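Read through the structure below, which is laid out as structure tokens, and then see the notes.
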Amino acid sequence: MGLSKPAAGPLLEIDRLSVDIRGEHGVARVVDEVSFAVGPRETVALVGESGSGKSVTSMSVLGLLPPRITRTRGSVRFEGRELLGLRSGELDRVRGDDIAMIFQEPMTSLNPAFTIGEQIAEQVRCHRGVSRKAARDRAVEVLDLVGVPSAAERLKAYPHEFSGGMRQRVMMAMALSCEPKLLIADEPTTALDVTIQALVLSELRALQERFGMSVLFITHDLGVVAEIADRVVVMYGGHLVETGRTAEVFAAPQHPYTEALLRSVPQGDTTGSRLWSIPGAIPTPEAMPDGCRFHPRCPHAKPGVCDADEPPLEPIGDGRSSRCVRREELRLSGIGGDAGGTGALAAEPLGGSVLPGGDRK
Amino acid sequence: MKPILEVEDLTVRFPVGRNVFGRPRAMLTAVDHVSIAVPRHRTVGLVGESGSGKSTLGRAVLRLTAAESGRVAFDGVDITRLGGRGLRPLRPRMHMIFQDPYSSLDPSWTVEDLVAEPLGAARKGASRAERRAAVVEALEHVGLSAAHLNRYAQQFSGGQRQRIAIARALVTRPDLVVCDEAVSALDVSTRSQIINLLEDLQRDFGLTYLFIAHDLALVRHVSDWIAVMYLGSIVEEGPAQRVYEEPAHPYTRSLLSAIPRLDPAERSRERIVLSGELPSPLAPPSGCRFRTRCPHAMEVCAAEVPPVVPAAGGGWSACHLNTGDGGAAAALDKSGAVP
């Protein structure tokens with residue numbers, strides 16, 4: 001994907017990004033040639049289960065991976081400027097100024113020894129170079145913005161004095177204090193109750209409309225994706241398996257893994273029926289299957305086809321792409337699809353060579 | 001048939017902070033006069049936000065946490081005041097599965113040790129071979145096998161570890177299993193495998209589940225009956241279908257409205273957004289506890305505790321909105337008559 005017109009081009013462009021991590025068992029490729037883009041004012045959800053490589057992808061954008069044990073290749077461009085290989089001083093200016101990040105557990109990202117006010121104000125002063133007074137005013141303003149009640153008084157509070165939902169809003173306030181063009185949110189609502197999650201998501205939507213910011217949202221929760229994302233990028237085994245606009249991908253997935261993820265979420269009254277499940281477990285980088293990486297767990301896998309060559313991620317029109325060679329012969333069902341569709345077989349009790357529920361023997 | 005578990009007017013309080021004399025500064029009421037019944041071979045779901053007291057209730061019914069007042073009856077036996085010796089014969093019949101299979105299984109134990117541990121109390125004098133046979137049988141029921149006996153928990157994935165935890169719960173052939181967020185830490189694809197397994201085991205062994213979770217869609221799937229907790233009290237209960245289709249309490253309605261929908265077209269739907277967060281259980285609001293966040297709060301809500309009102313379609317709710325003519329007076333059988 002090239003930048004034809006820089007002005008209308010994507011804000012963030014990730015191009016054939018690969019990340020190798022050195023561990024106990026040698027070097028493992030945890031992110032493999034990942035390419036996607038986030039446009040201005042767009043929300044893109046990066047979806048996958050644990051071990052899919054989604055968090056490593058997002059962390060490499062901001063150079064947050066430990067350089068001693070990781071090797072990153074490919075390209076990450078922000079407004080056309082290459083971020084990979086930037087010196088840490090230059091990267092610091094991009095982080096916080098143009099790109100901000102929030103994480104799942106806000107308690108580990110906030111310093112327990114400083115008040116909320118001090119932490120937000122320091123962020124503002126670092127990046128804006130304004131006076132203490134102006135930085136403090138800005139802190140009140142952003143806390144107000146994310147719905148922290150009586151913001152001026154709460155400035156003097158320490159992180160432990162806030163509940164989980166409030167802390168996540170404080171993190172959002174900090175991230176937004178410098179009006180970033182891109183917010184990277186890694187499972188920001190996973191640890192929250194549904195009621196608080198709904199609040200945080202609606203705040204996020206409102207802020208996005210107000211500032212015209214782009215969001216890269218990393219999550220495993222497809223319900224959250226449906227609530228917030230314009231486009232969705234599905235990762236499995238370290239690489240992309242499907243991309244497209246959320247509504248279209250959810251209505252008619254073009255990859256069996258996407259279908260399986262969608263159908264694993266119980267919708268409406270499913271009492272008495274078995275939940276759709278995916279046999280086995282996600283592969284580790286050390287033991288990546290030959291051929292399609294999903295084929296050992298795929299209800300549609302065909303011997304001699306799916307276990308032979310690794311399928312490429314192919315554009316299939318309308319801004320969508322899929323990495324399934326059988327996609328044209330399969331009629332995969334999305335949300336609202338008939339429950340006993342093509343893959344109904346896989347909903348049967350599992351047995352045989354694959355252990356139901358975990359690793360393969 | 002009598003319910004396997006009957007909880008009556010149960011209250012659990014914890015001391016919070018201690019002064020220099022070692023006296024608690026305050027008492028936190030985690031479970032406040034809760035009554036609930038769990039019928040045999042059924043699943044009762046317990047939902048609510050964190051801090052609602054649902055986990056404390058789950059621990060209290062297994063006597064893992066002491067109750068201050070009220071009564072817990074297991075299979076007709078009042079276990080509230082039983083001592084260690086009295087509890088011992090009952091322990092193998094009730095079990096708990098926890099959320100985090102990474103911290104609930106000791107990494108230095110083999111699978112055999114882990115699964116055999118509950119047998120220690122149950123079958124004194126059983127031979128090594130008998131114990132091993134029981135362990136292997138339990139492993140096979142959860143999709144593992146004798147080949148896994150000498151492995152360590154850390155060699156397994158999250159889903160597999162939860163299977164080991166289930167085998168541990170199963171080995172003593174319990175009647176009641178309390179599942180406390182048992183699948184919450186698992187990935188989407190593994191989660192449904194474990195749910196299907198739990199349902200199979202229930203059918204095969206006649207298990208009864210108290211299923212505590214914050215994922216309302218999952219709770220609906222597994223439960224026959226659902227109780228909704230808020231700040232230490234049950235505010236509504238009823239048949240799963242009724243509670244989801246026709247929630248009677250505003251809190252239940254707002255919880256259901258907050259569940260993300262899988263259909264992006266529903267993004268613009270009207271949501272009931274709750275203001276504020278759960279109040280401190282150290283100083284719960286007067287009258288109805290939910291009133292500080294309730295979109296329908298009236299004057300009466302601060303003054304009076306809402307009475308229990310039966311709901312059309314089964315169960316009840318405790319809300320002043322539902323106290324129409326005659327409704328409030330209705331005497332209720334709250335003993336959880338699951339159809």
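Note that the coordinates shown come from a computational prediction; the quantities given were computed from them, not determined experimentally. Throughout, protein chains are lettered first and strands after them, A, B, ... in sequence-line order, and every chain is numbered starting at 1.
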Between B:Arg261 and A:Glu227, which heavy-atom pair has the shortest distance, and what is it? N-OE2, 3.1 Å
Non-hydrogen atoms of B:Leu218 and A:Pro266 that approach each other most closely: CD2-CG, 3.9 Å
Below 4.5 Å from any heavy atom of chain A, which atoms of B:Glu266 appear? Answer side chain, backbone, both or neither. neither
Toward chain A, the part of B:Leu216 with a non-hydrogen atom under 4.5 Å: side chain
Between atom CG of B:Asp187 and atom CG of A:Leu261, what is the distance when rounded to the nearest 0.5 Å? 9.0 Å
In terms of heavy-atom pairs under 4.5 Å, which option from B:Leu186, B:Asp263, B:Ile259 contacts chain A the most? B:Asp263
Mind checking whether A:Ile335 and B:Pro264 have side chains closer than 4.5 Å, heavy atoms only? yes
Are there more than 12 heavy atoms of other residues, nucleotides or ligands under 6.0 Å from atom CZ of B:Phe205? yes
What part of A:Gln267 lies closer than 4.5 angstrom to a heavy atom of chain B: side chain, backbone, both or neither? side chain
Atom pair CG/CG of B:Leu262 and A:Asp221 - distance to nearest 0.5 Å: 9.0 Å
Are any non-hydrogen side-chain atoms of A:Ser277 and B:Arg191 less than 4.5 angstrom apart? no
Chain B contact via A:Ser273 - side chain, backbone, both or neither, heavy atoms under 4.5 Å: both
Are the side chains of B:Asp200 and A:Arg274 in contact, using a 4.5 Å heavy-atom criterion? yes
Examine whether an atom of A:Leu199 lies under 4.5 Å from a heavy atom of chain B, and if so say whether it belongs to the side chain, the backbone or both; otherwise answer neither. side chain
Between A:Leu222 and B:Val188, is any pair of side-chain heavy atoms under 4.5 Å apart? no
Which atoms of A:Ile228 approach chain B - backbone, side chain, both or neither, heavy atom under 4.5 Å: backbone
Any heavy-atom pair between the side chains of B:Arg271 and A:Ser202 that's under 4.5 Å? no
For B:Ser192 and A:Trp276, work out which heavy atoms get closest and say how close. OG-O, 2.8 Å
Considering only heavy atoms and a distance below 4.5 Å, find which of B:Gly48, B:Ser50, B:Ser257 pairs most often with chain A. B:Ser50
Pick from A:Ala226, A:Gly51, A:Ala251 with the largest number of heavy-atom pairs that fall under 4.5 Å of chain B: A:Ala226
Residues A:Glu49 and B:Ser189: closest non-hydrogen pair is OE2-OG, 2.6 Å
Does A:Gly280 offer a backbone N or O that forms a donor-acceptor pair with the side chain of B:Gln193 under 3.5 Å? yes
